[in-house]
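Comments concern the structure below.
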Amino acid sequence: MLSTERTGNPLMNAKASATAVTPFPRSNAEDRPMSVSRAEHDRMANAIRALAMDAVEQAKSGHPGLPMGAADIATVLFTRFVKFDPADPAWPDRDRFVLSAGHGSMLIYALLHLLGYEKMTIDEIKRFRQLGSLTPGHPENFITPGIETTTGPLGQGLANAVGMAIAERHLAAEFGDAIVDHRTYVLASDGDLMEGISHEAIALAGHLKLNKLTVLFDDNGISIDGPLSLADSVDQVKRFEAAGWAATRVDGHDPDAIAAALNQAVDADRPTLIACRTTIGFGAPTKAGTEKVHGSALGAEEIAGARQKLGWNEPPFSVPDDVRELWRKAAQRGKSHHKAWRERLQGLAAGKRGEFERRLRGDIDGGALARAVRSVKEKLAEPKSIATRKASENALEALVPALPELVGGSADLTGSNNTRAKGMSALSAANYGGRFIHYGVREHGMAAAMNGMALHGGIIPYSGTFLVFTDYCRPSIRLAALIGQRVIHVMTHDSIGLGEDGPTHQPVEHLAALRAIPNMRVFRPCDAVETVECWQLALECHDGPSVLVLTRQDLPQLRLGHDESNRCATGAYEIVPADGLAVVSLFASGSEVSIAIEARKALREKGVSARVVSVPCFELFLAAPDDVRRSVIGDAPVKVGVEAAIRQGWDQIIGSDGAFVGMTGFGASAPYQDLYRHFGITAEAVAAAALAAIAKA
Ligand SMILES: Cc1ncc(C[n+]2csc(CCOP(=O)(O)OP(=O)(O)O)c2C)c(N)n1
């Protein structure tokens with residue numbers, strides 16, 4: 001399991017050892033499945049149930065049903081299968097366990113506590129759902145060591161896990177299975193499997209034959225409204241089989257049956273679904289098996305009844321020594337795996353080991369990045385009019401060979417998004433070492449898998465689709481921002497400038513909607529030079545996602561001459577100064593910067609002095625030091641914003657009394673030049689807006 005303390009470098013804790021590479025010891029006495037009697041198993045599982053009941057009761061909120069129902073599954077998994085070491089939650093070759101049904105968070109908190117994860121004390125369990133605790137309502141990877149990913153929005157965890165499993169296979173292909181060889185386990189609920197994203201995720205996993213991915217389905221037939229039969233009649237086993245998975249059904253309260261299915265999964269040549277038939281709220285005398293136990297405290301009477309039924313006579317939050325000892329024994333299982341792995345890592349050639357460690361830390365080779373950016377800029381000393389999507393491709397031609405951690409892709413728009421650099425082979429079941437992923441028409445699954453890859457570590461994923469389809473993957477983009485992961489979305493066809501495909505494909509509100517997400521950068525470069533600068537900034541942002549918003553249509557190159565500095569770094573800068581004292585400041589992004597520059601000329605002809613500010617990134621600009629912001633905004637009395645999108649957000653730059661030239665409704669289908677004229681986004685309109693504002697002032 002993973003510690004997500006973002007600054008920590010798990011690998012730096014490695015005990016140095018001069019041991020040569022040992023043959024890969026897959027198991028030894030300590031690592032063998034723990035042998036547990038049925039009675040012992042029941043007590044271990046009941047400890048989870050009791051902690052879940054008690055914590056939810058104390059908080060007077062939470063979800064006891066899932067932890068109580070899935071306690072047997074979790075006990076089998078952690079006593080016999082999952083490879084982990086509580087002493088180092090971020091050990092890179094640990095198995096990943098994702099609780100996709102994040103509402104059942106007490107399941108994983110109880111596990112972490114019982115397994116001896118140092119920070120998960122009983123006091124943290126008692127502070128379930130309280131401010132500043134390690135036990136928030138839903139699991140947060142950036143708060144609690146041992147949590148692999150933030151879950152809560154159903155389906156996301158499962159789709160993240162697909163990305164983790166892809167990352168594992170990809171890094172194993174690169175560094176060898178002596179260093180990368182772990183499995184990904186998911187606990188998913190009915191809700192996870194009803195969500196549309198699960199369709200995309202399981203189809204991708206099946207297609208890529210991710211045989212080290214196992215989904216345990218908490219098949220309890222209950223959701224919030226009541227029995228699942230109210231809303232769903234899918235045969236999940238058949239559904240997963242149709243997607244290329246091995247799938248089976250077991251009694252989710254029979255430890256041996258669960259273990260047998262998990263053993264089969266280990267040997268499978270494809271991902272495995274194990275539908276575990278369980279009773280939600282197992283043990284609760286009157287509420288078990290009903291929606292009443294899903295998401296509220298059980299109440300003192302029901303808890304007393306459950307304790308009696310389960311034969312659990314301990315006071316609240318108390319775990320008897322014999323049970324604690326059994327769980328501690330389970331926690332020892334991964335230790336020798338961990339030690340042997342450290343020795344194998346030390347035995348690697350220094351260069352390869354250093355590279356692996358760098359990749360896992362997420363450190364970019366700054367020299368390689370700077371050289372790649374410089375080489376792209378040098379080529380642009382000879383100006384070129386190209387679409388920024390093409391400029392992005394040119395940037396990738398230099399970045400992809402320079403940064404081996406880049407794994408690109410597209411949701412079936414490779415030729416339109418220009419995200420595949422020359423020489424990138426496709427990542428497939430036959431070639432996990434490939435660096436380009438054909439995600440298929442699965443924007444949501446793609447974005448969630450990218451989050452999983454980034455969380456896994458060792459990879460910087462980037463993707464492509466049309467900007468308008470950020471709507472199809474927005475929940476995962478939002479989560480990337482929340483969980484602080486570096487994923488880069490290349491979103492092309494960024495406005496009415498895409499032309500004839502019409503309003504279904506023309507984003508108008510998407511820039512504002514994306515800019516509204518905290519901890520994310522939205523870059524809209526105006527030419528080929530800004531495009532490579534924005535790529536550099538996106539790559540350097542290690543703790544949050546970026547969206548590169550790029551045009552379909554050609555744009556003139558506005559930045560001329562070789563410039564070593566990254567002018568986009570402040571988010572906005574004066575790209576063309578005024579002649580003399582500026583009366584007008586024109587602010588624009590992307591394709592509208594050249595329109596603003598034309599408008600400046602038109603104003604000059606009328607004797608009005610105007611300057612032009614390019615605004616490639618609102619977020620960086622708004623975070624820039626006050627003096628930088630003040631000087632970029634300037635003190636010209638008239639401010640005009642220009643962007644082929646809605647105004648929302650622009651008032652932060654132009655003020656509520658600034659003029660704005662952009663869109664006020666949806667686009668239309670026509671050649672793009674006609675559309676710009678039709679919607680009045682032209683140099684003449686910008687100049688007229690400035691003159692009108694001067695007349696009013
Ligand atoms: C995307 C999303 N929609 C809705 C919810 C609210 N919600 C939480 S759990 C749940 C369904 C509960 O059913 P199930 O997944 O079977 O969990 P169980 O009742 O077995 O615990 C819903 C609708 C959510 N967390 N995420």
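The structure displayed is predicted, hence computed values, not measured ones. Note that ligands are numbered from 1 as they come in the structure, with each ligand's atoms numbered from 1 the same way.
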I need the H456 NE2 to H170 NE2 distance, nearest 0.5 Å. 11.0 Å

Is the H103 ring parallel, tilted or perpendicular to the H294 ring (thresholds 30°, 60°)? tilted

Aromatic rings Y109 and F128: how do their planes relate, parallel, tilted or perpendicular, breaks at 30° and 60°? perpendicular

Per-atom contact, atom 6 (C) of ligand 1, protein heavy atoms, under 4.0 angstrom: no

Which residue holds the protein heavy atom closest to atom 16 (O) of ligand 1, what is that atom called, and what is the gap in Å? I222 O, 2.9 Å

Is the backbone N or O of L413 less than 3.5 Å from a side-chain atom of S410, with the two atoms forming a donor-acceptor pair by type? yes

Below 4.0 Å from any atom of ligand 1, is there a heavy atom belonging to P153? yes

Proximal atoms of ligand 1 relative to D190 (non-hydrogen, under 4.0 Å): 15 (O), 16 (O)

Check: F78 ring centre within less than 6.0 Å of F97 ring centre: yes

The closest protein heavy-atom partner of atom 4 (C) of ligand 1 is L154 CD1, 4.4 Å

The atoms of ligand 1 lying under 4.0 Å from a heavy atom of G191, numbered in the order shown, are 14 (P), 15 (O), 16 (O)

Under a heavy-atom criterion of less than 4.0 Å, does H63 contact ligand 1? no

Which atoms from ligand 1 have a heavy atom of G152 less than 4.0 Å away? 24 (C), 25 (N), 26 (N)

When you compare ligand 1 with S189, is there at least one nitrogen or oxygen pair between them that comes in under 3.5 angstrom? yes

Hey, are R38 and D42 close enough for a salt bridge, meaning a charged N less than 4.0 Å from a carboxylate O? yes

Note the single closest protein heavy atom to atom 18 (P) of ligand 1, along with its residue, its atom name and the distance in Å. H294 ND1, 3.5 Å

Tell me the protein heavy atom at minimum distance from atom 22 (C) of ligand 1, and give that distance in Å. I224 CD1, 3.4 Å

Quick one: does A101 get within less than 4.0 Å of ligand 1, heavy atoms only? no

I122 side chain near L51 side chain, heavy-atom distance below 4.5 Å: yes

Nearest non-hydrogen protein atom, atom 21 (O) of ligand 1: H103 NE2, 2.7 Å

For H138 and S105, does a side-chain donor sit closer than 3.5 Å to a side-chain acceptor? no

The reported gap from OG1 in T272 to CG in N263 (rounded to nearest 0.5 angstrom) is 11.5 Å

Roughly how far, to the nearest 0.5 Å, is the CD1 atom of I437 from the OG1 atom of T414? 11.0 Å

Could you tell me, atom by atom, which parts of ligand 1 come under 4.0 Å of a heavy atom of E195? 1 (C), 2 (C), 3 (N)

Quick one: look at N220 and ligand 1, take heavy-atom pairs under 4.0 Å, and tell me if it's side chain, backbone, both or neither. side chain

Output the list of atoms in ligand 1 that are nearer than 4.0 Å to some heavy atom of I280, sorted by atom number. 18 (P), 19 (O), 20 (O), 21 (O)

